[in-house]
Number of protein chains: 2
Amino acid sequence: MATAAGQPSEVELQAFRDRCRAAGLALTHQREVIYRAVCAMRNHPAPEAIYERVKAEIPSISLGTVYKNLKTFLDTGLLREVSPMHGSLRVDANTMEHHHLICTGCRSVFDLGADDLEPARLRSPLPEGFVLQRCAVELYGLCASCAAQSDQS
Amino acid sequence: MATAAGQPSEVELQAFRDRCRAAGLALTHQREVIYRAVCAMRNHPAPEAIYERVKAEIPSISLGTVYKNLKTFLDTGLLREVSPMHGSLRVDANTMEHHHLICTGCRSVFDLGADDLEPARLRSPLPEGFVLQRCAVELYGLCASCAAQSDQS
DNA sequence: TTATCTGCAAAGCCTTTGCGCAGAT
DNA sequence: ATCTGCGCAAAGGCTTTGCAGATAA
C-alpha cells in the first residue's frame with residue numbers, strides 16, 4: 001500500500017495480503033482483483049468503473065461485491081476516499097478565496113480565511129494544457145466535540 | 001455576495017437581487033429566503049438542513065424547490081459547491097501524502113506528489129480542540145481535453 | 001467445520017424531472 | 001399577458017442491505 005498509482009509490485013501485494021490477514025479479512029480472489037484494479041487505474045475511479053474493469057477478469061462479479069469490498073478497504077485504511085465530503089451536496093455562500101477545516105467525524109465544515117494559510121506554491125509545472133481555476137486547501141481532522149467523544153472510547 | 005458567512009447585509013442582499021436580475025431570474029420570496037438561510041448557516045449545510053431552516057419561515061415550501069434553487073444558484077455562481085467531487089465515491093490507493101488536480105469538466109482526478117507543492121503553512125491557530133489529521137490541496141481547473149472543448153464553443 | 005464472502009435482488013438515500021397552478025415581470 | 005417558478009409526486013442514480021449458496025480459514 002501507500003504507493004503511487006500503478007500496477008502494484010509483488011511486495012505491495014504481499015503487504016496487501018498481510019494487512020487483510022491482520023484485519024481478519026479472508027483473502028478472496030475478488031478482493032485481490034479489486035485491489036489490483038484500483039491500483040492500476042489512475043484518475044481515482046468511481047465504483048462503477050472499477051466494476052467494469054474487474055469484470056474483464058471475473059465476469060461473474062457483482063457490483064454489490066465491488067461496493068462491499070471498497071467499503072471494507074476504506075474501513076481498513078487500505079484505501080482512502082478522495083473527498084470525504086461526497087454523499088451530499090454542500091453549499092458555500094462565500095465565493096471569496098478561502099479554505100476548509102473538515103471534521104471527519106460529523107462532517108461539519110468550518111471556514112479558514114485565505115489569510116490563515118501560507119499560499120500554496122507550485123514547485124513543478126502542471127500537466128501540459130491544464131487550465132487552473134482555483135485552489136482549495138482542506139484540512140481534515142476531528143472537531144472539538146468529536147475528538148472528545150473518541151477519547152472516551 | 002462573496003462575503004464571509006453570516007447574516008447578509010442589506011448591501012449584500014441588494015447585490016443578490018441585482019445578480020438574479022442580471023441572470024434573468026425572478027425574485028421570489030422563496031429564493032431570497034433560501035439564499036439568506038445559506039448565508040446565515042455556517043458549516044456549509046446540506047440541502048435537507050437548509051430546507052428545515054427555510055421551513056420555519058415558509059412552512060409550505062417543498063424540498064424540491066430548495067434543490068432547484070440551490071442548483072440555480074450554483075449555475076449562476078451565487079453559491080459554490082464545497083467539494084465538486086460529491087455525487088460518487090472516488091477511491092485512492094495512494095495513502096502517502098499527496099494532492100489532487102481535479103478537472104471540473106470531466107471530474108477526473110490527477111495526482112500531484114507532496115513534493116510538487118510548497119507545504120501549506122498555518123498562520124493562525126486552529127479552533128480550540130480541533131485535532132488535525134491530514135491536509136489535502138485540491139487544484140481545480142480544466143484538463144487539456146476539456147479546455148480544448150470549451151475553447152471551441 | 002465454522003466463519004466469512006459472493007451474487008442476486010430488493011430496499012434506501014439523495015437528487016432530478018414533469019406537470020398544472022400561482023406568482024413575477 | 002407572458003414567462004418563470006412553486007409544490008407535488010413520480011422517477012432516476014448511487015449505495016446499502018438481507019439472504020442462501022459458495023469459498024476461505
Side-chain angles (χ1 to χ4, degrees), chain A residues 13 16-38 44-52 54-76 78-79 81-91 107, chain B residues 13 16-38 44-52 54-76 78-79 81-91 107:
Chain A
L13 278 179
F16 165 76
R17 296 190 194 103
D18 291 346
R19 195 128 171 206
C20 282
R21 213 166 273 128
L25 300 177
L27 279 169
T28 65
H29 184 213
Q30 286 87 336
R31 279 232 245 263
E32 193 162 316
V33 173
I34 292 169
Y35 181 75
R36 272 198 285 104
V38 174
H44 306 301
E48 189 78 35
I50 299 167
Y51 171 60
E52 288 306 328
V54 169
K55 246 196 332 195
E57 196 164 338
I58 311 177
S60 64
I61 201 167
S62 77
L63 182 56
T65 297
V66 173
Y67 269 101
K68 281 181 214 175
N69 281 304
L70 291 179
K71 189 168 192 328
T72 303
F73 293 158
L74 291 171
D75 291 345
T76 320
L78 271 146
L79 295 180
E81 289 186 49
V82 170
S83 163
M85 291 301 302
H86 96 277
S88 175
L89 173 65
R90 294 302 202 87
V91 125
R107 310 217 150 171
Chain B
L13 279 179
F16 165 76
R17 296 191 194 104
D18 291 344
R19 194 127 171 206
C20 283
R21 214 165 272 131
L25 300 177
L27 279 171
T28 66
H29 184 214
Q30 285 87 336
R31 276 231 247 263
E32 192 162 317
V33 173
I34 292 170
Y35 181 75
R36 273 200 281 104
V38 174
H44 306 301
E48 189 78 35
I50 298 167
Y51 172 59
E52 289 306 327
V54 169
K55 246 198 329 198
E57 196 163 336
I58 311 177
S60 64
I61 201 167
S62 77
L63 182 55
T65 297
V66 172
Y67 269 101
K68 281 181 214 175
N69 280 303
L70 291 179
K71 189 166 192 329
T72 302
F73 292 159
L74 291 170
D75 292 344
T76 320
L78 271 146
L79 295 180
E81 288 187 50
V82 170
S83 163
M85 291 300 301
H86 96 275
S88 175
L89 174 64
R90 294 300 202 86
V91 123
R107 309 216 151 172

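Not measured: the values here are computed from a predicted model. Here is the naming used below: chain letters follow the sequence lines, and residue numbers restart at 1 for every chain.
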Practice task
Would you kindly give the CG-to-P distance between A/L63 and D/dG13, to the nearest whole Å?
Solution key: 14 Å
Completion exercise
Of B/T72 and A/P47, the one whose nearest nucleotide on DNA chain D sits closer to the 5' end is B/T72
Practice task
Would you kindly give the OH-to-P distance between B/Y51 and C/dC13, to the nearest whole Å?
Solution key: 16 Å
Fill in the blank from the handout: To the nearest angstrom, the CD1-C1' distance between B/I34 and D/dC6 comes to 10 Å
Handout entry: Whole-Å gap separating P (C/dT15) and CG (B/L74)
Key = 11 Å
Problem - Heavy-atom donor-acceptor pair, B/H44 side chain to A/V91 backbone, under 3.5 Å - result: yes
Practice task
Respond yes when some side-chain nitrogen or oxygen of B/S60 is under 4.0 Å from OP1 or OP2 of D/dG7, and no when none is.
Solution key: yes
Completion exercise
Taken to the nearest whole Å, NE2/A/H86 to P/C/dC13 is 15 Å
Practice task
Measure from the side-chain heavy atoms of A/N69 and tell me the nearest of D/dT15, C/dG7, C/dT6.
Solution key: C/dT6
Exercise for the section: Give the rounded distance in Å between these two atoms: CZ of A/R31 and P of C/dT4. Expected result: 11 Å
Problem - Residue-phosphate contact under 4.0 Å: B/Q30 side-chain N/O, C/dG23 OP1/OP2 - result: no
Practice task
Please figure out whether A/L25 or A/G64 has its closest DNA chain D nucleotide nearer the 5' end.
Solution key: A/G64
Exercise for the section: Answer yes or no: is there a side-chain heavy-atom contact under 4.5 Å between B/R90 and B/M85? Expected result: yes
Exercise for the section: Choose from D/dC14, C/dT25, D/dC8 the nucleotide whose nearest atom is closest to any side-chain atom of B/L27. Expected result: C/dT25
Exercise for the section: Check the angle between the aromatic planes of A/F16 and A/F73 and answer parallel, tilted or perpendicular using the 30° and 60° thresholds. Expected result: perpendicular
Exercise for the section: Figure out the NZ/C1' separation between B/K68 and D/dA10, and round it to whole Å. Expected result: 12 Å
Fill in the blank from the handout: side chain to side chain contact (heavy atoms under 4.5 Å, CB included) test vs A/V38 passes for just one of A/I50, A/L78, A/V54, namely A/I50
Fill in the blank from the handout: Out of C/dT16, C/dA24, D/dC6, minimum distance to the side chain of B/T65 belongs to D/dC6
Exercise for the section: Using heavy atoms to find the nearest nucleotide of DNA chain C for A/G24 and A/L89 separately, return the residue whose nucleotide is more 5′. Expected result: A/G24
Practice task
Take the protein atom CD1 of B/I61 and the nucleotide atom P of C/dG23, then report the distance between them rounded to whole Å.
Solution key: 14 Å
Problem - Side chain B/R31, main chain B/A26, donor-acceptor under 3.5 Å - result: yes
Problem - Phosphate OP1/OP2 of C/dT6: any A/T28 side-chain N/O under 4.0 Å - result: yes
